[in-house]
Amino acid sequence: MSGEDAAALPMEIVHAALIIAFHRYYRHNIRFPDPAKSSIHNEMIQFVDSVEKATSLRG
């Protein structure tokens, strides 16, 4: 993996997490409402925070 690709990887991980969060929200709140899973998309926030902390994306 090139240095440029390695530098872009953390943001691509965050982007993928955003997509997963959207799909979780849509599936469990819009398409197939399930109160037990209605907030499962929030898990991705903690995941993104861990990626940002590990890669120092916050500045």
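Shown here are the side chain to side chain contact (heavy atoms under 4.5 Å, CB included) partners of L18, two or more places apart in sequence or in another chain: there are none. Every side chain to side chain contact (heavy atoms under 4.5 Å, CB included) that H23 has, sequence neighbours left out, goes to I19.
I13 places a side-chain heavy atom less than 4.5 Å from the side chain of F47. Proximity of V48 to I45: side-chain heavy atoms (C-beta onward) are nowhere separated by under 4.5 Å.
Each side chain to side chain donor-acceptor pair (under 3.5 Å) pair with one or both residues in residues 24-40, not counting sequence neighbours, appears once here: R24-E43.
I40 and I30 fall into different hydrophobic clusters, defined by Ile, Leu, Val, Met, Phe, Trp and Tyr side-chain heavy atoms under 4.5 Å apart, directly or through other members. Using a 4.5 Å cut-off between side-chain heavy atoms of Ile, Leu, Val, Met, Phe, Trp and Tyr, with links allowed through other members, M44 and L9 fall into the same hydrophobic cluster.
Closest heavy-atom contact between T55 and V51: OG1-O, 2.7 Å. Closest of all the heavy-atom pairs between H41 and A21 is CB-O, 3.4 Å.
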